[in-house]
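If you read the sequence from its start, that first residue is 1, and numbering goes on from there.
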Amino acid sequence: MKKFDQLTEIYSHAFQWPFRMHIDIPTIKPYIDKLETLAILDYGCGAGFISHWLEKEGAKNIVGFDISSNMLNLARKNAKLNNSNIIYTSNLDNYFEYFDLALAIYVFPYCQHTNDIHSIVRSIYRVLKPNGRLTILTINPDFSGNSEYYYNYGFRLIEKQPRKDESSIHFNICLPPYNETIQAYYYSYNTLGNTILQAGFSYLQYGNIIADHSETTELYLDYLQCPHALLITASKTA
């Protein structure tokens, strides 16, 4: 977590990352609705990019959770500047079966061990209401093996070893003026899906990665042929 604490400055500009705005947001948007009526958990909220977007879309009850104190401090600073009512915390003990919807956006790739993913999914399951929904973005197990494939979109995925659960991936943010590398990890479809189902979730589905409008679709045509992201949705059985 020290690495994320040290990357606070670059993550403060996550709102401006092209793939976040033009790919991530349009991809998850169809899976969330009636936001104003929902209690929403942004698990692994970082600097609050997703939480802030949810509030702009009409959500009234948002809790952002993260274990990086620097990220939470930045999220709280941004919330204050925007007169936001988002709650940011590093403790979910008081939220048993509280949330209607949980989002885990690029959380799994930074789990070093499979057991870490199990722990996160169980934690989310505990705080969701019966019939609560989970929406996940994570690294696509079939991402391009060409480390330069995503360069035009502001990042690289660099592998140093054959793909297997827990193998290393270097996520290089190369969006000028930044050139920073974060340690990430590979997980297979089987491991991701089985972990979610074993925690008690059901109706697991893999969704489509999309761009936001026709002009952007043209710009992201190569990306959409082989996206680095994987969308997973599931529900907590009542």
Side-chain angles (χ1 to χ4, degrees), residues 3-4 6-32 42-57 64 66 68 71 74-75 78 102-111 134-159 163 168-187 189 192 205-233:
K3 184 63 174 176
F4 283 99
Q6 295 165 359
L7 289 174
T8 304
E9 196 272 336
I10 187 172
Y11 270 85
S12 69
H13 296 96
F15 296 90
Q16 302 169 17
W17 294 358
F19 76 91
R20 299 304 305 270
M21 291 302 302
H22 298 305
I23 297 292
D24 293 350
I25 293 300
T27 293
I28 64 176
K29 190 171 183 177
Y31 296 88
I32 54 178
D42 181 9
Y43 193 103
C45 64
F49 168 72
I50 294 295
S51 295
H52 178 68
W53 170 73
L54 289 167
E55 189 172 58
K56 287 179 65 177
E57 290 292 308
D66 209 289
S68 167
M71 288 292 186
L74 178 58
N78 289 335
L103 295 97
I105 308 302
Y106 298 118
V107 174
F108 292 174
Y110 305 111
C111 293
L134 172 61
T135 297
I136 295 165
L137 272 183
T138 190
I139 290 180
N140 177 8
D142 294 329
F143 69 86
S144 174
N146 177 358
S147 62
E148 299 299 310
Y149 190 85
Y150 306 106
Y151 176 79
N152 290 334
Y153 310 113
F155 65 96
R156 296 183 178 97
L157 293 178
I158 304 168
E159 297 177 279
R163 292 182 193 182
S168 174
I169 303 171
H170 290 171
F171 177 55
N172 173 234
I173 301 169
C174 52
L175 189 66
Y178 301 109
N179 185 13
E180 295 285 348
T181 299
I182 305 170
Q183 181 65 60
Y185 300 92
Y186 175 90
Y187 291 99
Y189 281 102
L192 294 168
Q205 293 183 316
Y206 299 104
N208 293 324
I209 304 299
I210 61 174
D212 56 358
H213 51 72
S214 59
E215 292 83 358
T216 303
T217 300
E218 288 295 319
L219 293 173
Y220 282 84
L221 186 59
D222 287 341
Y223 175 90
L224 294 172
Q225 294 298 314
C226 187
H228 90 296
L230 175 70
L231 175 72
I232 308 173
T233 60

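Ring-centre distance between Y187 and F108: not below the 6.0 Å cut-off.
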Just do the side-chain contact (heavy atoms from CB on, under 4.5 Å) check on I209 and N140 with the steps written out, would you? CA-CA 10 Å; I209 304 299; N140 177 8; over 6 Å; no
Can D24 and Y106 be said to form a side-chain contact (heavy atoms from CB on, under 4.5 Å), step by step? CA-CA 10 Å; D24 293 350; Y106 298 118; 2.8 Å; yes
CA sep, side-chain torsions, deciding dist, call: T181, I158, side-chain contact (heavy atoms from CB on, under 4.5 Å): CA-CA 10 Å; T181 299; I158 304 168; 5.8 Å; no
List the steps and the verdict of side-chain contact (heavy atoms from CB on, under 4.5 Å) for F143 and I169.
CA-CA 11 Å; F143 69 86; I169 303 171; 3.8 Å; yes
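Of all heavy-atom pairs between P141 and L192, the closest is CG-CD1, 4.3 Å. For the pair G46 and A75, the tightest heavy-atom approach, listed with the atom from each and the gap, is O-CB, 3.8 Å. When all heavy atoms of C45 and G64 are compared, the closest pair comes out as SG-C, 3.6 Å.
The aromatic rings of Y189 and Y206 lie perpendicular to each other, with more than 60° between the two planes, well past the 30° mark.
In this structure, D66 and D42 have side chains that are not in contact, with every pair of non-hydrogen atoms separated by 4.5 Å or more. Counting heavy atoms from C-beta outward, Y149 and C226 have side chains that approach closer than 4.5 Å. At least one side-chain heavy atom of F49 sits less than 4.5 Å from a side-chain heavy atom of I25.
Remark: L54 CG to I28 CD1 distance equals 6.5 Å, nearest 0.5 Å. Note that CZ of R20 and OG1 of T27 are 11.0 Å apart. Values are rounded to the nearest 0.5 Å. Atom CD1 in I50 sits 10.5 Å away from atom CD in E57 (nearest 0.5 Å). F19 CZ to N152 CG: the interatomic distance, rounded to the nearest 0.5 Å, is 14.0 Å. One distance of note links OH of Y150 with CG of D222; it measures 10.5 Å at 0.5 Å rounding. Atoms CD and OG, on Q183 and S168 in that order, are 3.5 Å from each other to the nearest 0.5 Å.
Taking the side chain to side chain contact (heavy atoms under 4.5 Å, CB included) definition, one finds that P26 meets it with I210, D212, sequence neighbours left out. Residues satisfying the side chain to side chain donor-acceptor pair (under 3.5 Å) criterion with Y223, sequence neighbours excluded, are H228. Residues satisfying the side chain to side chain contact (heavy atoms under 4.5 Å, CB included) test with K56, not counting sequence neighbours, are H52. Partners of Y151 by ring pair (Phe, Tyr, Trp, His ring centres under 6.0 Å), not counting sequence neighbours: none found. With sequence neighbours excluded, the residues forming a side chain to side chain contact (heavy atoms under 4.5 Å, CB included) with Y31 are T135, L231, T233, listed by chain and number. Here Y43 pairs with F65 under the ring pair (Phe, Tyr, Trp, His ring centres under 6.0 Å) rule; sequence neighbours left out.
Judged by distance alone, the side chain of R156 and the main-chain N or O of C174 form no donor-acceptor pair under 3.5 Å. In this structure, Y220 contributes its side chain and P227 its backbone to no donor-acceptor pair below 3.5 Å.
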